Amino acid sequence: MIGRMNIRDELEKRISAALTAAAAAVQPVPAIVSPAAKPEFGDYQANGVMAAAKAARMNPRALAAKVLEKLDLSDLAEKVEIAGPGFLNITLRTDLLARAATAAAADSRLGIAPAARPQRIVVDYSAPNLAKEMHVGHLRSTIIGDALVGVLEFLGHHIIRQNHVGDWGTQFGMLLAHLDELGEDAAGSELSDLEEFYRQAKKRFDEDPDFADKSRQFVVRLQSGDADCRRHWQKFIAVSLGHCQEVYARLNVRLMSADVRGESAYNADLPAVVEDLRRAGLLTESQGAQCVFLDEFKGEDDKPLPVIVQKSDGGYLYATTDLAAMRYRAGTLHVDRILYVMDHRQSLHLRQLFAVSLKAGFISPAVSLEHVAFGTMQGEDGRPFRTRAGGTVKLIELLDEAARRALEVVRAKSPEMPAEQADTIARVVGVGAVKYADLAMDRIGDYRFSFDKMLSLQGNTAPYMQYAYARIQSIFRKGAEEAAGLAGVPIMLNQPAERELAKRLGRLEEVLGSVAAECKPNVLTAYLYDLAGVFTTFYESCPVLKADSPEIRASRLRLCDLTARTIRLGLGLLGIEVVEQM
RNA sequence: GCGCCCGUAGCUCAGUAGGAUAGAGCGGCGGUUUCCUAAACCGCAGGUCACAGGUUCGAAUCCUGUCGGGCGUACCA
């Protein structure tokens with residue numbers, strides 16, 4: 001039981017109860033427990049007393065004293081003190097930390113309990129446009145979404161990945177029109193470079209109004225089931241999805257072809273969506289288009305802003321498709337929560353989507369609809385991420401470059417390492433660096449991409465974490481014991497550094513909970529980086545293999561093993577692999 | 001015009017529900033290797049948290065305004 005306990009939540013629960021009673025409050029009063037800001041404040045601190053005192057018009061320190069009277073933490077804490085204006089500083093019992101670490105080490109889940117109330121969660125992420133190859137614009141959604149999937153799934157939720165690929169819109173009209181002009185045979189070879197084919201079509205679309213018209217006609221033909229169009233379209237899709245799976249494999253991303261549910265999957269539902277909106281009295285015809293106007297959305301000059309669900313030519317738009325997807329997720333998938341991992345520019349679209357879905361009854365208000373927004377990726381110069389020639393950077397080329405640079409780093413430091421091994425390590429480190437750098441950033445801000453920074457061994461980077469892991473593994477290579485042979489060994493915390501390490505290890509569950517609640521992977525990377533730092537302090541002050549006694553040696557090996565497994569698990573949930581040696 | 005987001009050390013970024021003396025990494029300066037990976041670690045210097053008001057025991061965090069930047073704003077996705 002000790003291993004399966006979230007210490008912060010337990011403290012929160014108990015102190016909150018005592019605080020509620022002490023303040024004679026009707027509603028529960030939160031204790032607001034967080035890790036102590038400074039070592040002299042103990043291990044955890046409760047900040048909620050002052051706010052409660054204000055609400056109850058009491059003296060905060062007097063209230064804190066009353067809380068202590070009603071609070072029994074003797075099984076968890078060796079000391080609870082009132083400090084400053086009314087903080088409660090909590091020092092945990094060292095034997096509690098030791099038992100928790102021992103239990104975690106004996107558990108394949110490292111003591112993390114699965115969610116008490118598992119949810120069905122749709123994570124809508126990656127969603128590349130299949131008309132062209134995946135480029136850096138698809139990177140953040142794919143990486144962030146997949147990291148969230150990893151964490152949520154580990155916490156026991158039922159995750160339904162939805163790769164809402166763009167396989168159905170205007171862009172395919174462009175491709176079909178271009179294909180039509182080139183002739184099927186001539187186009188065959190050019191399809192191998194979908195990116196170039198798309199670029200040509202796009203150029204014609206932008207420059208030639210007749211071509212643009214023709215493209216739109218092809219969209220209508222495609223959507224109405226024209227056999228030739230369908231056949232060519234399927235060829236585009238097959239080529240493109242093949243590219244995607246290649247990239248996903250390279251990225252070590254959990255998306256499978258079964259997770260693809262593209263825009264085309266909702267084609268048959270679109271008339272019904274519009275009809276439902278009409279029946280709900282939400283539909284208005286404006287300038288020939290079918291629109292939903294909501295009061296809360298205003299456009300230029302304060303004019304009402306429509307959500308257009310059907311164009312004047314009868315075609316449907318992505319809003320329609322997204323509404324259909326919403327109905328599917330609510331009605332067929334029965335979800336509790338939907339995460340839209342999309343860049344922040346989609347913010348208005350999603351707010352409209354959520355609002356219309358609720359108004360139309362496509363989704364229950366009980367379902368949590370969340371825009372997991374992120375900023376744009378910029379080059380090292382702070383400008384949009386482009387090739388030197390100004391084109392978009394293909395993802396596969398970006399990953400090749402990362403691996404190439406990682407190999408340089410590995411070779412420089414381990415020249416004696418066999419080439420094949422160095423190569424394997426470089427690929428893991430290179431991809432890991434790209435992903436970790438993205439995840440370590442607060443996602444809402446724009447993000448400046450820098451190979452040099454992400455591949456640095458200093459600071460909060462993948463190579464640093466992977467190195468921290470590899471260094472621990474080397475202890476086991478040097479020592480006679482296998483990590484597995486340590487089963488049942490009790491962890492003892494006699495040194496401050498050992499205690500600090502155990503304390504950090506015990507925070508994994510609260511960190512994962514926070515990542516899951518806020519959809520913030522950088523909370524986990526920050527934790528891992530902090531853990532690695534605390535481990536280093538331990539590693540430098542506490543000899544492991546040359547410990548004073550066999551018991552201490554075994555205990556420290558166990559701590560090392562638990563730290564390594566925590567790093568491996570944490571990185572793994574984020575979609576980043578470790579290497580045994582660097 | 002209106003809306004959303006952002007502004008923290010020279011640079012790149014953290015900062016969890018408003019909490020105690022705002023933290024890392026890089027770069028700069030100075031140290032540490034008879035010892036399990038020095039690809040590491042330790043120390044020093046560096047801040048009007050864009051600016052001005054307000055809320056309160058307490059504000060980088062909440063509110064209002066200003067400045068600066070990004071994005072969005074009717075038939076692309």
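Everything numeric here is computed off the predicted structure, so don't read it as measured data. Each chain gets a letter, A, B and so on, in the order the sequences are listed, and its residues count up from 1.
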Donor-acceptor side-chain pairing of [X] and [Y] below 3.5 angstrom:
{"X": "Asn47(A)", "Y": "Gln45(A)", "value": "yes"}
{"X": "Asn267(A)", "Y": "Gln223(A)", "value": "no"}
{"X": "Gln466(A)", "Y": "Tyr436(A)", "value": "no"}
{"X": "Asp322(A)", "Y": "His164(A)", "value": "yes"}
{"X": "Ser514(A)", "Y": "Glu510(A)", "value": "no"}

Classify [X] by what it touches in the nucleic acid, base, sugar-phosphate, or nothing, heavy-atom distance under 4.0 Å.
{"X": "Cys560(A)", "result": "nothing"}
{"X": "Asn89(A)", "result": "base"}
{"X": "Asp452(A)", "result": "nothing"}
{"X": "Glu12(A)", "result": "base"}

Could you check Glu40(A) against Ile444(A) and say which one's nearest nucleotide on RNA chain B is further toward the 5' end?
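Nearer the 5' end of the strand: Ile444(A).
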
Quick check on RNA chain B: between Pro306(A) and His344(A), whose nearest nucleotide comes earlier from the 5' end?
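The residue whose closest nucleotide sits nearer the 5' end is His344(A).
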
Give the rounded distance in Å between these two atoms: [atom1] of [X] and [atom2] of [N].
{"X": "Arg351(A)", "N": "U73(B)", "atom1": "CZ", "atom2": "P", "answer": "12 Å"}
{"X": "Asp442(A)", "N": "G15(B)", "atom1": "CG", "atom2": "C1'", "answer": "10 Å"}
{"X": "Leu294(A)", "N": "A74(B)", "atom1": "CG", "atom2": "C1'", "answer": "14 Å"}
{"X": "Tyr447(A)", "N": "C6(B)", "atom1": "OH", "atom2": "C1'", "answer": "18 Å"}
{"X": "Asp446(A)", "N": "C71(B)", "atom1": "CG", "atom2": "P", "answer": "8 Å"}
{"X": "Tyr44(A)", "N": "G19(B)", "atom1": "OH", "atom2": "P", "answer": "17 Å"}
{"X": "Glu380(A)", "N": "C26(B)", "atom1": "CD", "atom2": "P", "answer": "16 Å"}
{"X": "Phe385(A)", "N": "G70(B)", "atom1": "CZ", "atom2": "P", "answer": "20 Å"}

So, is Asn460(A) close to the U12(B) phosphate, meaning a side-chain N or O under 4.0 Å from OP1 or OP2?
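It does not, given that no N or O in the side chain of Asn460(A) lies less than 4.0 Å from OP1 or OP2 of U12(B).
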
Any Lys520(A) side-chain N or O less than 4.0 Å from OP1/OP2 of G15(B):
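Yes, such a contact exists.
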
[M] and [N], which share atom name [atom1], separated by this distance in whole Å:
{"N": "G30(B)", "M": "U37(B)", "atom1": "P", "value": "30 Å"}
{"N": "A50(B)", "M": "C67(B)", "atom1": "C1'", "value": "8 Å"}
{"N": "U32(B)", "M": "G15(B)", "atom1": "P", "value": "36 Å"}
{"N": "U8(B)", "M": "C49(B)", "atom1": "P", "value": "11 Å"}
{"N": "G72(B)", "M": "U64(B)", "atom1": "C1'", "value": "24 Å"}
{"N": "G27(B)", "M": "C71(B)", "atom1": "P", "value": "32 Å"}
{"N": "C42(B)", "M": "U33(B)", "atom1": "C1'", "value": "13 Å"}
{"N": "U61(B)", "M": "U55(B)", "atom1": "C1'", "value": "14 Å"}

More than 12 heavy atoms from other groups under 6.0 Å of CZ on Arg411(A)
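No, CZ of Arg411(A) has 12 or fewer neighbouring heavy atoms, counting only those of other groups under 6.0 Å.
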
Take atom NZ of Lys79(A) as the centre, draw a 6.0 Å sphere, and report whether it contains more than 12 heavy atoms from other residues, nucleotides or ligands.
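Atom NZ in Lys79(A) is not crowded, with 12 or fewer foreign heavy atoms closer than 6.0 Å.
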
Taking the six-membered ring for Trp, is the centroid-to-centroid distance between Phe538(A) and Phe535(A) below 6.0 Å?
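Between Phe535(A) and Phe538(A), which both carry aromatic rings, the centre distance is below 6.0 Å.
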
Between [X] and [Y], is NZ or CZ placed under 6.0 angstrom from the six-membered ring centre and within 45° of the ring axis?
{"X": "Arg140(A)", "Y": "Tyr125(A)", "answer": "no"}
{"X": "Arg471(A)", "Y": "Tyr539(A)", "answer": "yes"}
{"X": "Arg261(A)", "Y": "Tyr266(A)", "answer": "yes"}

When the ring planes of Trp233(A) and Trp168(A) are compared, do they come out parallel, tilted or perpendicular, using 30° and 60° as the limits?
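Plane angle over 60°, so perpendicular.
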
Should the pair Phe449(A) and Phe451(A) be assigned to parallel (<30°), tilted (30 to 60°) or perpendicular (>60°) ring geometry?
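Geometry flag for Phe451(A) against Phe449(A): perpendicular rings.
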
I'd like to know if Arg405(A) pairs up with Glu408(A) as an ion pair, taking the criterion as any Lys NZ or Arg NE/NH1/NH2 lying under 4.0 Å from an Asp or Glu carboxylate oxygen.
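No, no charged N to carboxylate O under 4.0 Å.
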
Taking only heavy atoms on the protein side, list every residue of residues 45-57 of chain A lying under 4.0 Å from any atom of RNA chain B, sorted numerically.
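By residue number: Gln45(A), Asn47(A), Met50(A), Ala51(A), Lys54(A).
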
Write down the protein N/O and nucleotide N/O pairs, taken from nucleotides 75-77 of chain B, whose separation is under 3.5 Å; answer none if there are no such pairs.
residue, atom, partner, partner atom, Å
C75(B), O2, Ser312(A), N, 3.0
C75(B), N4, Gln287(A), O, 2.9
C76(B), OP2, Lys311(A), NZ, 3.1
C76(B), O3', Thr170(A), OG1, 3.2
A77(B), O3', Glu263(A), OE1, 3.4
A77(B), O3', Glu263(A), OE2, 2.1
A77(B), N6, Tyr318(A), OH, 2.4

Going 5' to 3' through nucleotides 33-44 of chain B and flagging B where a protein heavy-atom sits under 4.0 Å of the base, S where only the sugar-phosphate is that close, and - otherwise, we get ---BBSBSS---

Let me have the donor-acceptor pairs involving side chains of residues 369-378 of chain A, under 3.5 Å, with sequence neighbours excluded, atom names and distances please.
residue, atom, partner, partner atom, Å
Glu370(A), OE1, Arg337(A), NH2, 3.0
Glu370(A), OE2, Arg337(A), NE, 2.7
Glu370(A), OE2, Ser368(A), OG, 2.6
His371(A), NE2, Met342(A), O, 3.0
His371(A), NE2, Asp343(A), O, 3.4
Thr376(A), OG1, Asp446(A), OD1, 3.0

Quick test of your reading: applying side-chain hydrogen bond (donor to acceptor under 3.5 Å, both in side chains), list the pairs with at least one residue in residues 283-293 of chain A, sequence neighbours left out, ordered by first then second residue.
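Found Glu285(A)-Gln290(A).
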
For RNA chain B, which ranges pair as stems of 3 or more consecutive Watson-Crick or G-U pairs, with both donor-acceptor distances under 3.5 Å?
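Stems for RNA chain B, defined as runs of 3 or more consecutive pairs: B:1-7 with B:67-73, B:10-13 with B:23-26, B:28-32 with B:40-44, B:50-54 with B:62-66.
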
